[in-house]
Amino acid sequence: MKNNDFDFIASAFEEENIKAPESLSAENVIKKFDSKNVNNIVKIKSNKRGLRVAVAAVACFAVVITSLTAGSRTFKRKVIETDNPAVTEIQELDGIVRFESYDEVRKTLKDMMPKDNYNGFGVFKNFEKGAELAATEEAADGALTNSASFGKTNTQVASVDEADIIKTDGKYIYYLSDGDDTEIRIYSADNGNTKLVSTLKAPKKDDSLFDEMYLSGDKLVTIGYCRNNGENPKTFVNIYSIKNAEKPELLSEYTQSGSYSTSRLYDGCVYVISNQYCYQYKKDCIPYVCCGDVEEQLPVENICAVEGSTRPSYAVIGAVSLDGKSKKQDTKAILGVSENVYCNEKNLYLAGTEYNENYYTDGGKTQLIKYSFNKTKVELKASATVKGTVNDQFSLDEKDGNLRIATTARDWDNGKDKNYLFILDENLNKISEVTGFARGEHIEAVRYIGDTAYVITFEQTDPLFIINLSDPKKPEITGEVKIDGFSSSLTPVDENTLLGIGYSTKENEFGGIQTNGLKFVLFDISNKNNPKVLSEKELDDCESPVQSDHKALCINRDKGYFAVPFYNYGDDGADNSIAVIRANNGKLETTELDCGKTDYIERCTYIGDYLYAVCNESGEVLSFNVK
């Protein structure tokens, strides 16, 4: 994090005549982060698509911390402590606050607001959006089932699709370009030859931008957000017919309040999650939907809160049917959570960091909310709080009704972080835990495969831990192996090997560790008690979007390769390439496909023998014959 990042946030505060506390000055925040653990590595996306989210996240984090220091609140938490204080359980739905009127909702929000700066609901209004490997793993690992003749998005759960910026149906490639005005470009593709056949512009209404999309049969589902000149951001889901891909036809429109966070597609329904930060709003901060031209507030019975929540923001969960018949009764909102989402075929979990006055002393906590769903019926089932914070969506997984979640409790004063893996039952009551492993390190990657968890932690080396979860009451670490650098994602190659993709590292002039490039590691996991490193490859002075986004990994099971775009940031300018990785007889083999000095490449996909990459701004499509 650089000083000019804080200058930008400070200027935004000044424009609103808001004085941030001295504790949030550039010097103090950098000191808070950097002095506690000089070996911590901050990874920042370099592309514009990530910058929109990053700026909003930093700004919102600053606002949350400001709200904690600005004044006291009257919204108190009632909890039932377990024997082990690492987990705070909330029995059934006792930890959920229900409302009988909108006035109750407004009062709760007002109590959450910073008292010194409170001014209706428009306090901070200009922050923008920022075998074992068989049926069990089929549900837990999308990579293992991707065997079609064209590329599919690399998902966490095989049967649950995730939105992305590139999709293909084997005949056309759909690509969402980034920029001030986003658009979806549709290309025909035939044996490496491509042609732009149509362009779909983001709706002009409310200054809208596309963010991600789905393909489902003959429908294209676009998801984006409306900037509304910085006021009242909202998320839209537009469904198009692509029976004629050269002339997409708009079928239905749906809008819900809040900035787009993430979504999932399952069984003909899109479950879209937006974050409605109430300090952004000038008007009444009641969640709303629009299934046509009229905005309607959610029924008050569809709004609730996590008891004791410290942040005035909603997670809004909309269930959008691809038949275009969604309505406000299908949408739910809850105050207090939503940073990471795990979703399988039955349940959707929201996980959010609990920012409170004890954040820097207790290592942080994660709020969990569980929803079940069936088509557009979404029902709140349980809530809980666990010690520590999650790394990303892969930190969570459900098997046999039990939720497994891995967290890190940060030790800001001494750098002695603690790691946990909890197993919770269907009501989110704790069954068991693994605690205290890799003391002084933090979790960088997690992958659950059947009854086994594979966890990467990092400080100066990259330990891979194998945790046996076959007995939910007695999970145990069975093996570990270390390697330089660290993996930020783990993907099964087969039942015996695991591919780690992440960062190579080197020691800097101050004796600390810094990232140095892109790294691939092949782990032997055939013996759960004695994992081994079979092979590794490093690409120095290189970065790839796959290091921070699992959807940038293209997996072709038919041809037996993995492909990732990357660029070399050497002195002579950025050269874009695609790395094609194969695992043969325990060895990694990499082939670099040179894309030249094109503009940024974020994704690649394949159809048959051809691998395609779309240049983000120019729209040029590159193709390579990869057999």
With side-chain contact (heavy atoms from CB on, under 4.5 Å) as the test, pick out the partner of L322 among L251, V237, L265, D267.
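Looking at L251, V237, L265, D267, the match for L322 under the side-chain contact (heavy atoms from CB on, under 4.5 Å) is L265.
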
Which of these, V272, V289, T331, sits in a side-chain contact (heavy atoms from CB on, under 4.5 Å) with V320?
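With V320 as partner, V272, V289, T331 yield a single side-chain contact (heavy atoms from CB on, under 4.5 Å), made by V272.
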
Give the intermediate values and the outcome of side-chain contact (heavy atoms from CB on, under 4.5 Å) for residues L335 and V97.
CA-CA 9 Å; L335 277 164; V97 177; over 6 Å; no

Any chance you could measure [X], atom [atom1], to [Y], atom [atom2], to the nearest 0.5 Å?
| X | Y | atom1 | atom2 | answer |
| --- | --- | --- | --- | --- |
| L298 | Q329 | CG | CD | 9.0 Å |
| N347 | E379 | CG | CD | 10.5 Å |
| Y266 | E162 | OH | CD | 15.0 Å |
| T389 | K365 | OG1 | NZ | 13.0 Å |
| L350 | L396 | CG | CG | 10.0 Å |
| L176 | I166 | CG | CD1 | 10.5 Å |

Flag side-chain contact, heavy atom, 4.5 Å: [X] against [Y]:
| X | Y | value |
| --- | --- | --- |
| R98 | L380 | yes |
| V378 | Y271 | yes |
| L469 | N402 | no |
| D161 | K167 | yes |

Please report the shortest heavy-atom distance between [X] and [Y], naming the atom on each side.
| X | Y | answer |
| --- | --- | --- |
| T407 | I443 | O-CD1, 3.5 Å |
| C285 | Y314 | O-OH, 3.2 Å |
| R410 | D417 | NE-OD2, 2.9 Å |

Give a yes or no on whether K418 atom NZ has more than 12 heavy-atom contacts from other residues, nucleotides or ligands under 6.0 Å away.
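Counting other residues, nucleotides and ligands, NZ of K418 stays at 12 neighbours or fewer.
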
Does one side chain, of T408 or N419, offer a donor that lies under 3.5 Å from an acceptor on the other?
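Short answer, yes.
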
So, does [X] use its side chain to make a donor-acceptor pair with the main chain of [Y] at under 3.5 Å?
| X | Y | value |
| --- | --- | --- |
| S321 | S326 | no |
| D211 | I223 | no |
| E398 | Y342 | no |
| T366 | G388 | yes |
| Q276 | V316 | no |
| T235 | Q256 | no |

Before accepting this row, confirm whether a basic side-chain N of the pair D103/K107 lies closer than 4.0 Å to the acidic partner's carboxylate O.
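Between K107 and D103 there is no salt bridge, as every charged N stays at least 4.0 Å from the carboxylate O atoms.
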
From CA spacing to verdict: side-chain contact (heavy atoms from CB on, under 4.5 Å), Y174, L200
CA-CA 10 Å; Y174 301 75; L200 187 62; over 6 Å; no

Set out, in order, the CA-CA distance, both residues' side-chain angles and the distance that settles side-chain contact (heavy atoms from CB on, under 4.5 Å) for Y214 and S263, then state yes or no.
CA-CA 10 Å; Y214 292 98; S263 62; 2.8 Å; yes

